[in-house]
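Below is one structure, written out as structure tokens; the observations come after it.
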Protein chains: 2
Amino acid sequence: MAKLLTIGQLANHCGVTVRAIRHYHRVGLLPEPVRDHSGYRRYGAQAVVDLVRIKVLADAGVPLAQISHLLSADPDEFGAAVAGIDEALQQQIIQVEHRRQQLLGLLAGDQLVLPSEVAEMLNDLREIGVSEQGVQIERDGWILLAALSPEVVPEWTMQKRAALDDAEFRRIYLAYDNARDWDPNDPRLKALADRTVQWTTTRSDAAIGARSDTSPSDPNVMLVAQLMDAESAYTSPALNRLAELCRERLGRSARPAS
Amino acid sequence: MAKLLTIGQLANHCGVTVRAIRHYHRVGLLPEPVRDHSGYRRYGAQAVVDLVRIKVLADAGVPLAQISHLLSADPDEFGAAVAGIDEALQQQIIQVEHRRQQLLGLLAGDQLVLPSEVAEMLNDLREIGVSEQGVQIERDGWILLAALSPEVVPEWTMQKRAALDDAEFRRIYLAYDNARDWDPNDPRLKALADRTVQWTTTRSDAAIGARSDTSPSDPNVMLVAQLMDAESAYTSPALNRLAELCRERLGRSARPAS
DNA sequence: CTTGACATTGACCTCGCGTCAGGGTTGCAA
DNA sequence: TTGCAACCCTGACGCGAGGTCAATGTCAAG
């Protein structure tokens with residue numbers, strides 16, 4: 001007897017589901033086979049061959065519509081297509097490796113969400129003794145900056161790290177960090193504003209004297225300092241007041257916050 | 001100014017689409033941010049952090065429903081989950097490599113659709129001089145056999161290859177291959193039936209004398225011969241007639257085809 | 001003051017099947 | 001003989017993760 005396969009036997013043998021085979025029939029990917037006297041589909045050897053090809057291609061990620069096109073292609077065309085698919089699989093492997101890296105990066109703090117040089121700078125801040133809240137505020141500022149103007153980040157980071165090499169700047173920075181929780185009328189704010197302005201002007205002169213190649217480097221010293229309180233100014237009345245005091249002392253050489 | 005991001009800026013910076021972000025809002029994966037005066041969504045730094053985490057996990061294949069669960073998990077739980085996801089990715093790589101093998105197998109004939117020993121046997125047939133049509137018919141028979149009773153394939157293949165070591169069997173087999181196109185009344189069919197029956201009986205005796213450990217080995221010699229024309233009998237009147245003649249000569253020791 | 005890029009909501013489309021409903025068929029054991 | 005479990009049939013709806021289209025509102029710049 002010409003023993004033919006039922007849909008279940010075919011599915012089982014080829015490692016697909018019955019439902020998948022019927023789906024392939026509906027979309028015209030696999031031809032409908034003969035039916036037996038009670039309407040059951042009966043499959044011959046060619047169906048096994050076809051289905052194996054379909055399954056391998058589908059597992060490789062080829063869309064069904066494209067598979068039906070491939071099955072009716074001549075061997076040369078088919079070989080070329082297979083080569084292309086194989087290349088796509090190789091690239092997929094590379095992608096997955098990359099995703100593994102990213103995934104493991106999730107376990108390691110802010111690296112993923114910030115350029116590495118900024119992450120390093122934040123670590124410098126922590127080592128200097130900046131409060132965790134202060135570091136967080138800096139981080140948020142840099143995240144937004146990186147989203148809005150990624151091109152300025154490397155330059156600004158360099159400037160900031162250069163400033164942090166200066167002991168006086170570090171002291172001022174830590175003072176700002178502490179000042180966040182002060183009363184806006186605290187008398188120490190005036191002294192801190194004086195110190196800030198003094199450091200800024202001497203630093204600005206030094207920068208101009210040192211090199212004139214990077215033309216906007218001297219206002220950047222200011223901007224770097226401002227970045228520090230750009231965000232926190234909205235959550236800290238004391239730092240808000242402090243910024244105002246600095247602006248008074250600098251006249252309109254620093255433009256007002258809009 | 002507390003510069004916040006529009007949905008497009010956020011999407012761009014994080015490498016996702018605007019539509020995806022809105023989708024995450026709908027399914028509660030990412031909290032809806034504040035709106036500006038004209039109803040636009042405005043995102044802060046935390047949204048960037050959240051979205052990056054979502055994207056990395058989603059790219060790693062984690063379902064969104066599970067991601068929302070993960071984002072509110074404690075670090076230990078999160079670390080364990082990440083380890084699990086990473087393992088899944090590693091297995092995915094192995095799978096893809098396997099699929100590459102299968103894919104390349106498509107270019108190399110029947111290996112994928114048949115156990116290797118059967119494929120080798122088919123190559124033996126080609127070398128002996130069997131017509132391409134004859135090989136195809138054999139192949140189709142073995143495909144169906146492998147689908148219906150895979151467990152008998154290794155044994156039957158061994159039997160067949162053993163028979164093919166016999167010069168007389170090879171001659172008979174080639175004669176069958178030629179006879180496929182004969183007229184069913186061709187007088188040569190009788191002679192061929194005689195030869196078949198004679199070979200079968202002597203071979204059967206020899207097999208019984210040689211070893212009695214594999215109990216059903218002597219009827220199998222018959223079955224192996226029958227397999228050869230099991231399929232072709234339906235497409236070749238001459239082979240059909242030939243099978244009938246063999247049955248006459250063997251009496252009812254071979255059961256009738258139902 | 002218009003133009004083009006961007007934002008809003010909402011409804012339907014895609015792919016590759018899974019799942020359920022509501023039946024008919026087959027084969028084997030009690 | 002009669003279960004009854006295990007198949008098979010068609011047809012319709014569901015899902016995940018967004019994409020696409022429509023109709024409308026808003027922003028920035030020449």
Side-chain angles (χ1 to χ4, degrees), chain A residues 1 3-30 32-43 47 51 53-71 85 88 99 147-149 258, chain B residues 1 3-30 32-43 47 50-51 53-71 85 88 95 99 147-149 258:
Chain A
M1 62 226 99
K3 202 70 200 229
L4 296 181
L5 308 178
T6 67
I7 195 169
Q9 289 167 332
L10 176 64
N12 228 307
H13 183 60
C14 294
V16 305
T17 65
V18 169
R19 193 62 182 77
I21 294 177
R22 291 205 271 246
H23 184 60
Y24 298 154
H25 288 321
R26 244 191 296 276
V27 300
L29 190 48
L30 193 63
E32 280 276 2
V34 296
R35 304 290 182 122
D36 68 12
H37 68 99
S38 58
Y40 288 15
R41 293 177 178 85
R42 290 305 193 137
Y43 297 88
L51 187 51
R53 289 158 68 91
I54 290 169
K55 179 180 160 46
V56 170
L57 289 170
D59 282 351
V62 183
L64 298 193
Q66 208 174 331
I67 291 178
S68 61
H69 179 238
L70 272 182
L71 292 185
I85 296 161
R99 275 160 195 173
L148 289 166
S149 327
S258 65
Chain B
M1 65 227 93
K3 205 73 202 244
L4 296 181
L5 308 177
T6 68
I7 196 170
Q9 289 168 330
L10 176 64
N12 228 306
H13 182 60
C14 293
V16 306
T17 65
V18 169
R19 191 61 179 80
I21 293 177
R22 292 207 269 249
H23 185 60
Y24 297 156
H25 288 321
R26 250 201 295 280
V27 301
L29 189 48
L30 193 64
E32 280 277 2
V34 295
R35 305 289 184 121
D36 67 13
H37 68 97
S38 59
Y40 288 15
R41 293 177 179 85
R42 290 307 194 134
Y43 297 88
D50 290 349
L51 187 51
R53 289 158 68 90
I54 290 169
K55 179 179 161 48
V56 170
L57 290 170
D59 282 351
V62 182
L64 298 193
Q66 209 174 330
I67 291 178
S68 61
H69 179 238
L70 272 182
L71 291 185
I85 296 160
Q95 263 193 22
R99 275 158 195 174
L148 287 166
S149 327
S258 65

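All chains are named by letter (A, B, ...) in the order of the sequence lines, taking the proteins before the strands, and each is independently numbered beginning at 1. The figures that follow rest on heavy atoms only: side chains count, while hydrogens, waters and symmetry mates do not. Given the structure is predicted, the values throughout are model-derived calculations rather than measurements.
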Problem - DNA chain D contacts among residues 33-43 of chain B, heavy-atom distance under 4.0 Å - result: B:His37, B:Ser38, B:Tyr40
Exercise for the section: Indicate yes or no: at least one non-hydrogen side-chain atom of B:Ile85 is less than 4.5 angstrom from one of B:Leu57. Expected result: yes
Handout entry: chain B footprint on DNA chain D, 5' to 3' - any atom under 4.0 Å from a heavy atom
Key = D:dA17 to D:dC27
Completion exercise
Correct closest heavy-atom pair for A:Gln9 and A:Leu5 would be OE1-CA, 3.4 Å
Exercise for the section: Please list, chain by chain and in numerical order, all residues satisfying salt bridge (Lys or Arg N to Asp or Glu O under 4.0 Å) with A:Asp59, sequence neighbours excluded. Expected result: A:Lys55
Practice task
Take the protein atom CD of A:Gln66 and the nucleotide atom P of C:dT14, then report the distance between them rounded to whole Å.
Solution key: 18 Å
Problem - Set of side-chain hydrogen bond (donor to acceptor under 3.5 Å, both in side chains) partners for B:Gln95, sequence neighbours left out - result: B:Arg99
Practice task
Drop me the distance from A:Leu51's CG to A:Ile21's CD1, to the nearest 0.5 angstrom.
Solution key: 5.0 Å
Handout entry: B:Leu4 backbone acceptor or donor facing B:Arg42 side chain under 3.5 Å
Key = yes
Exercise for the section: Run the numbers on B:Leu71 and B:Arg53 for side chain to side chain contact (heavy atoms under 4.5 Å, CB included), then give the verdict. Expected result: CA-CA 8 Å; B:Leu71 291 185; B:Arg53 289 158 68 90; 3.7 Å; yes
Exercise for the section: Can you measure from CG (A:Leu30) to CG (A:Leu64) and round to the nearest 0.5 angstrom? Expected result: 11.5 Å
Practice task
Rounded off to whole Å, could you give me the CZ-to-P distance for the B:Arg26 and C:dC12 pair?
Solution key: 13 Å
With 3.5 Å as the limit, what N/O pairs link the protein to nucleotides 17-23 of chain C?
unit_1, atom_1, unit_2, atom_2, d
C:dC17, OP2, A:Tyr24, OH, 3.1
C:dG18, OP2, A:Thr17, OG1, 2.9
C:dG18, O6, A:Arg19, NH2, 3.0
C:dT19, O4, A:Arg19, NE, 2.7

Fill in the blank from the handout: Taking every heavy atom of A:Ile67 against every heavy atom of A:Ala58, the minimum-distance pair comes out as CD1-N, 3.5 Å
Exercise for the section: Write out all pairs satisfying side chain to side chain donor-acceptor pair (under 3.5 Å) with one or both partners inside residues 10-25 of chain B, taking only residues at least two apart or from two chains. Expected result: B:His25-B:Tyr43
